[in-house]
Structures are given as C-alpha cells and as structure tokens.
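Bear in mind the structure is a predicted one, so any value in this text is a computation, not a measurement.
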Amino acid sequence: MKRMCLLPALVITLVGVSLPFLLRALAEPTLLLRALAEPTRQNDLSRQETDPGAPKLVSFPSGDLTLRGFLYKPDGDGPFPAIIWNHGSEKLPGQQPELARFYTKQGFVFFTPHRHGQGRSPGAYIEDLIEKYAATEKNGTSVGKYVVKLQEEYNQDVVAAVEWLKGQSFVDQQRMVMSGCSYGGIQTLLAAEKGLGLRAFAPFAPAAKSWANTELRKRLLEAVRNAKSPLFLIQAQNDFSLGPSEGLGPVIKRKGPPNQAKVYPPYGTTPQEGHYAFATKEGGIAVWGSEVLDFFKAASR
C-alpha cells in the first residue's frame, strides 16, 4: 500500500527518465525516497550558490597579527558602497547574516571584521583582560581607565579593517560608512573621531552595558565632540541603560542635521533583546532600517 501511495509522486518527479530506472525504483523503496528528495536538495544547493549574501572568510593585517572577518558583496563587479559592522563583546561574533542580507540587498558590501581575541581572530580576548585586571585592581577609576585603554588598542583593528577594505577593487572608497553595537558602538565612536575617510557612523547602544564606567563615558563624549563625520546614535527603550542617548544624544543633536540620536520603542521583552537583537535581527532592522539608510544617504551627499 505504501508503494502505491508513492507512485503518483514518483511519476511526477521522474518524468523523462528511463523505463529501466522506473522499474528498479519500484522494486527498491529507498531509491524512491532518494529520488523524491533529490529535487528539493538540488533547489537548496542552487539557492546557496546564487545567494548574494553568502559570506567569504577573509584575512587582513593588524599590527603583527593576521585577523579574520566575514565579507559579503552584491552580485557584480562594483564599485559598491560599503559598511563596516563592528561586533560587540561576545567571544564568537559570527557572520551577522541578517544584517548582511539587509545591506547587500541595498547594494552595499558588508564587512564584519573580528577584532583580535574574538571569533576567527587570534590574540587576547578583551573581556579576559578586563576580568584579570579587575581581580587585582580594586580602584574603580583605575579599572575604568584600563577599559578605555583597551578599547583604544582594539580600535586599531577597526582602523586596519577599514584600510584593508579600501583596497578592494569592488569598494567605492567615497561611499564607505560604519556601524556597530555595544562594544562595537564604542569602536564606531572611536573610529568616528579618527574619521578614516568614512562618510557616516551609526553606533547602536555604545557602552549601554558599561555606562557606570565614568572614564569610558568621558572618552566617548570626547569622541562625539571630535567626530569627523555625521553620527546617528540608536537605542531601543528597553536597553540595559539609556545613558548613552541621554549623555551623548544632546551633544550629537547640537551638531545639526544629519546628526541625530533616537530612542525607539521597546524591542522584545528583555534588556538583551532591546540591546543586541534590536540592532542585529530582522525584526529590529525592520524598525530602524529605512531611517539608517536615509541617514547614510544624507551624510554622503
């Protein structure tokens, strides 16, 4: 009975194949199942091969290290506008496929470099260094200054990533922008102070989880004041702290358009969802995506 139920599907699937194969398939039920599954598998492979969001693992130099990152590009030779995405403090920052899908559909090259000690890049992990230092240094101000020092050091990886990306023939150097979340938002603001030839910077929740660090707050305020290109600071209402928007937002707005800072309605049900998922997942992207694109466009005129 099961063989008879499979027969109509088999006939539809195997139209055009030889009679001997059909006879053999009827005699071997496992062959029937493989034949029925094959078109789906081939379609999946085809989608993977033609997906413009498929990442390429690349290498770039930073000081004495060779770091890694994931690069996505639209179909074609370009040159394309490009965005550098700075990951947060997570040990394994991954590929950020949802952000990549959004930006490549808009014609951007999307590059997420892994700073040293995180993801695919060698070196000391920043969180391990902070934890080790804080275990022996009980002075909060000293710990705060050490955190700032480390953020400055790791920003050299971001600078190196920008320089590497500028050297790619498919990238339009005149249309490069930067964004990032949490520690990546910190890195984005430090990079904005340097300028690096980029047209705009969109930090998400910079230092929202470490806003109690007064030394870091002072450093980020300095970076905002000295930023060489427009800024768009973004948070969701249910982030861990709205200190970045309250402390840095007014300074950014006083710079005038297209500089801006905005607190969006709560996203998800937890601070972590309002912090990270809002910046990186499709649901959050659907909320802020068009405004960020408009900001990049305005800043690039």
Side-chain angles (χ1 to χ4, degrees), residues 40-60 68-88 90 92-115 118-121 158 161-162 164-165 168-172 175-185 187-188 198-205 232 234-236 262 264-265 267-268 272-300:
T40 300
R41 190 180 71 85
Q42 290 297 333
N43 288 340
D44 288 343
L45 290 173
S46 177
R47 282 195 294 271
Q48 291 172 11
E49 290 167 357
T50 60
D51 183 3
K56 180 180 180 182
L57 183 63
V58 300
S59 301
F60 63 97
R68 312 297 293 276
F70 288 99
L71 180 77
Y72 303 72
K73 64 181 288 293
D75 289 332
D77 298 326
F80 303 104
I83 180 166
I84 298 96
W85 173 264
N86 296 314
H87 60 74
E90 62 272 24
L92 301 174
Q95 303 174 8
Q96 297 297 343
E98 292 168 77
L99 281 169
R101 188 178 306 115
F102 170 72
Y103 282 111
T104 55
K105 284 184 177 179
Q106 303 300 323
F108 281 80
V109 168
F110 180 87
F111 182 37
T112 179
H114 289 180
R115 299 186 297 278
Q118 291 178 258
R120 300 298 185 94
S121 294
V158 175
V162 170
W164 178 86
L165 191 60
Q168 306 310 304
S169 61
F170 49 83
V171 169
D172 183 347
R175 294 188 294 162
M176 295 176 65
V177 297
M178 181 178 287
S179 189
C181 179
S182 196
Y183 269 28
Q187 291 296 316
T188 299
L198 306 188
R199 303 303 295 269
F201 298 82
F204 285 76
F232 184 7
I234 300 167
Q235 286 192 272
K262 182 171 181 178
Y264 288 84
Y267 180 81
Q272 182 62 18
E273 288 176 320
H275 181 72
Y276 176 77
F278 178 67
T280 62
K281 302 303 180 183
E282 285 184 350
I285 296 168
V287 175
W288 54 257
S290 62
E291 292 184 85
V292 168
L293 291 175
D294 288 345
F295 164 70
F296 287 152
K297 183 177 180 180
S300 298

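Checking each of V177, V109, L165 against I84 for a side-chain contact (heavy atoms from CB on, under 4.5 Å) leaves exactly one that passes, namely L165.
Nearest heavy-atom pair, A236 versus P265, reported as atom, atom and distance to 0.1 Å: CB-O, 3.9 Å. I285 approaches E98 most closely through the heavy-atom pair CD1-O, 3.7 Å. Taking each heavy atom of P55 and Q95 in turn, the nearest pair found is CG-OE1, 3.3 Å. Looking at every heavy atom in both residues, A82 comes nearest to V171 through CB-CG1, 3.9 Å. Nearest approach of G283 to Y267, heavy atoms of both residues: CA-OH, 3.3 Å. When all heavy atoms are compared, the tightest approach of H114 to F70 is CE1-CE1, 3.7 Å.
A distance of 10.5 Å separates CG in L71 from OG1 in T104, rounded to the nearest 0.5 Å. Taken to the nearest 0.5 Å, the SG atom of C181 stands 13.0 Å off from the CD atom of Q187. S179 contributes atom OG, which lies 8.0 Å from atom CG of N86 (distance to the nearest 0.5 angstrom). Rounding to the nearest 0.5 Å places CZ of F102 at 11.0 Å from CD of E282. Here the OH-CZ distance, from Y103 to F296, works out to 4.5 Å after rounding to the nearest 0.5 Å. Interatomic distance, T280 OG1 to H87 NE2, rounded to the nearest 0.5 Å: 13.5 Å.
More than 12 heavy atoms of other residues, nucleotides or ligands lie within 6.0 Å of CZ in R68, so this atom counts as buried by the packing criterion.
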Walk me through it: do D172 and F80 pass the test side-chain contact (heavy atoms from CB on, under 4.5 Å)? CA-CA 5 Å; D172 183 347; F80 303 104; over 6 Å; no
Walk me through whether E273 and K281 qualify under salt bridge (Lys or Arg N to Asp or Glu O under 4.0 Å). CA-CA 9 Å; E273 288 176 320; K281 302 303 180 183; over 6 Å; no
Chi angles and distances behind the side-chain contact (heavy atoms from CB on, under 4.5 Å) call for F111, F60: CA-CA 12 Å; F111 182 37; F60 63 97; 4.0 Å; yes
Set out, in order, the CA-CA distance, both residues' side-chain angles and the distance that settles side-chain contact (heavy atoms from CB on, under 4.5 Å) for L198 and M178, then state yes or no. CA-CA 7 Å; L198 306 188; M178 181 178 287; 3.7 Å; yes
Could you please spell out the steps behind the side-chain contact (heavy atoms from CB on, under 4.5 Å) verdict for K262 and F232? CA-CA 8 Å; K262 182 171 181 178; F232 184 7; 3.9 Å; yes
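Within the 3.5 Å criterion, the main-chain N or O of E90 finds a donor-acceptor partner in the side chain of Q118. Although no hydrogens or angles enter the test, the distance criterion places no donor-acceptor pair under 3.5 Å between the side chain of K105 and the main chain of F108. Formation of a donor-acceptor pair under 3.5 Å by the R115 side chain with backbone atoms of G88 is found in this model.
No side-chain heavy atom of F170 sits under 4.5 Å from any side-chain heavy atom of D77. You'll find the side chain of Q96 reaches within 4.5 Å of the side chain of F110, heavy atoms only. Proximity of M176 to P81: side-chain heavy atoms (C-beta onward) are nowhere separated by under 4.5 Å.
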